[in-house]
Amino acid sequence: MDAAGVRARSRGLTLTDLSIGSSDQHPPQSVLDVLREATHDPATYRYPRFSDTLPLRAAAAEYLTRRFGVRLNAETEVLPLIGAQEGLAHLLLAVTDPGDTLLLPDPCYPPYWGAAAVAGLNVVTLPLTPERGFLPDLAAVPENVRPRVLLLNYPNNPTSAVATAQFFREAAAWCRERGTLLIHDHPYAELTFGDYRAPSALEAGTAGVVELHSLSKTHHLGGFRVGFAAGDTGAVGALARVKGAVDFHPYLGIQRAAAHALGLPDEVGRAGARIFEERRDALVPALRDLGWEVQTPQASMYAWARVPGLRDSVAFAVRAAEETGVVVSPGRAFGERGEGFVRFALVQPPEVLRAAARKLGTVGVGG
Ligand SMILES: Cc1ncc(COP(=O)(O)O)c(C=O)c1O
């Protein structure tokens, strides 16, 4: 898609890049202020030790209690990450052996496939379909499949589907029965619309459950690379040991900024989410005007549209970029079940999104 965008630009087209879920909003000013001050404090210049991460671990635990009513021991059940993506790849290395089975939703966030490959895992996919609200049917997994890990993500990328606390309770119970660790990737925890608030998988208990949180979306800190893992003591401890061989935790200034961000009033996150909600309200009707099928997202920063007659989403997305300058993600990039869909990241203002939809209406869907 990058190359198609470059070709479009060389033909004089203005690019509208809706292909990456990287927030275009600024982090809260006070978060930047904390970071700026930290860069003037020589105490932040050295390698952070595990004990230095306590303020961020404590802030994360407080956030989880305030927001989800979940109580965690900040010493043993919380660990800072250099982003949820780094955390997932190392967590899989920490809690599996090569050849173990990983249950992965299809479609899913593409780096999951890479993380599974790095850990040498045998991937069994769980289809996510519109008929089931893009929730997996765990009852359909054969009795003899005993996965080491089930990986879930709600609010979901790419489908923007959401899950209830009851769904997580059932998934956690299913996992406990099969000796499976439930990993819930939760970067969109606060990017929710209207009165909808996303639950945490940790509400189902912390034993056998690890949740990955990120400051990339809610706090618009994607480039700063910071998040945290929380939950099962054994899994979090194993992750800490693997990371101990790999990195030294995020820069202390970023840890301070993240701890500050996690303590900000909820209204800060709600105001940010409303910006994405307005964009959703602009794009979804514009896509429906094209005859595309899209559910109204209650959360996340994406719209997931089924395009009638579309059989090759990659060819369509390349053509769309080259002919109109609008860059979207082909559904196939997220897995076989993504074919026939296109994903939009809501990372431009409403009028730009409406114009992008109009332009896409001029691109042939093809055979
Ligand atoms: C499902 C999912 N997990 C993880 C990430 C990356 O999070 P982080 O920036 O904390 O690594 C993203 C980013 O788009 C995502 O969509």
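Numbering of ligands and ligand atoms starts at 1, following listing order. Everything numeric here is computed off the predicted structure, so don't read it as measured data.
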Open item on the list: Are Tyr154 and Tyr188, when compared by the centres of their aromatic rings, separated by less than 6.0 Å?
Closed with: no
- [ ] Measure centre to centre between the rings of Phe334 and Trp304, then say whether the value is under 6.0 Å.
- [x] yes
Does ligand 1 have any N/O pairs with the protein under 3.5 Å, and how far apart?
{"from": "ligand 1", "atom 1": "3 (N)", "to": "Asp185", "atom 2": "OD2", "distance (Å)": "2.5"}
{"from": "ligand 1", "atom 1": "9 (O)", "to": "Ser216", "atom 2": "OG", "distance (Å)": "2.6"}
{"from": "ligand 1", "atom 1": "9 (O)", "to": "Arg225", "atom 2": "NH1", "distance (Å)": "2.9"}
{"from": "ligand 1", "atom 1": "10 (O)", "to": "Ala84", "atom 2": "N", "distance (Å)": "2.7"}
{"from": "ligand 1", "atom 1": "10 (O)", "to": "Ser214", "atom 2": "OG", "distance (Å)": "2.7"}
{"from": "ligand 1", "atom 1": "10 (O)", "to": "Ser216", "atom 2": "OG", "distance (Å)": "3.4"}
{"from": "ligand 1", "atom 1": "11 (O)", "to": "Ala84", "atom 2": "N", "distance (Å)": "3.1"}
{"from": "ligand 1", "atom 1": "11 (O)", "to": "Gln85", "atom 2": "N", "distance (Å)": "2.9"}
{"from": "ligand 1", "atom 1": "11 (O)", "to": "Arg225", "atom 2": "NH2", "distance (Å)": "2.7"}
{"from": "ligand 1", "atom 1": "14 (O)", "to": "Tyr188", "atom 2": "OH", "distance (Å)": "3.2"}
{"from": "ligand 1", "atom 1": "14 (O)", "to": "Lys217", "atom 2": "NZ", "distance (Å)": "2.8"}
{"from": "ligand 1", "atom 1": "16 (O)", "to": "Asn157", "atom 2": "ND2", "distance (Å)": "2.8"}
{"from": "ligand 1", "atom 1": "16 (O)", "to": "Tyr188", "atom 2": "OH", "distance (Å)": "2.6"}

Task: Distance-only side-chain donor-acceptor flag, Arg288 / Thr296, under 3.5 Å - done: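 Yes - a donor-acceptor pair under 3.5 Å links their side chains.
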TODO: Check the pair Arg9 / Thr14 against side-chain hydrogen bond (donor to acceptor under 3.5 Å, both in side chains), numbers first and verdict last.
DONE: CA-CA 6 Å; Arg9 202 183 276 127; Thr14 306; over 6 Å; no
- [ ] Starting from Leu121, walk the hydrophobic network (Ile, Leu, Val, Met, Phe, Trp, Tyr; side-chain heavy atoms closer than 4.5 Å) and list everyone else you reach, by chain and number.
- [x]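 When side chains under 4.5 Å apart are linked, the cluster holding Leu121 also contains Phe50, Leu79, Leu81, Leu88, Leu91, Leu92, Val95, Leu102, Leu104, Tyr109, Tyr112, Trp113, Val123, Val149, Leu151, Leu181, Ile183, Val210, Leu212, Val236, Leu239.
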- [ ] Report, as yes or no, whether the 6.0 Å neighbourhood of atom CG on Asp289 holds more than 12 heavy atoms from other residues, nucleotides or ligands.
- [x]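 Yes, because the 6.0 Å sphere around CG of Asp289 holds more than 12 heavy atoms from other groups.
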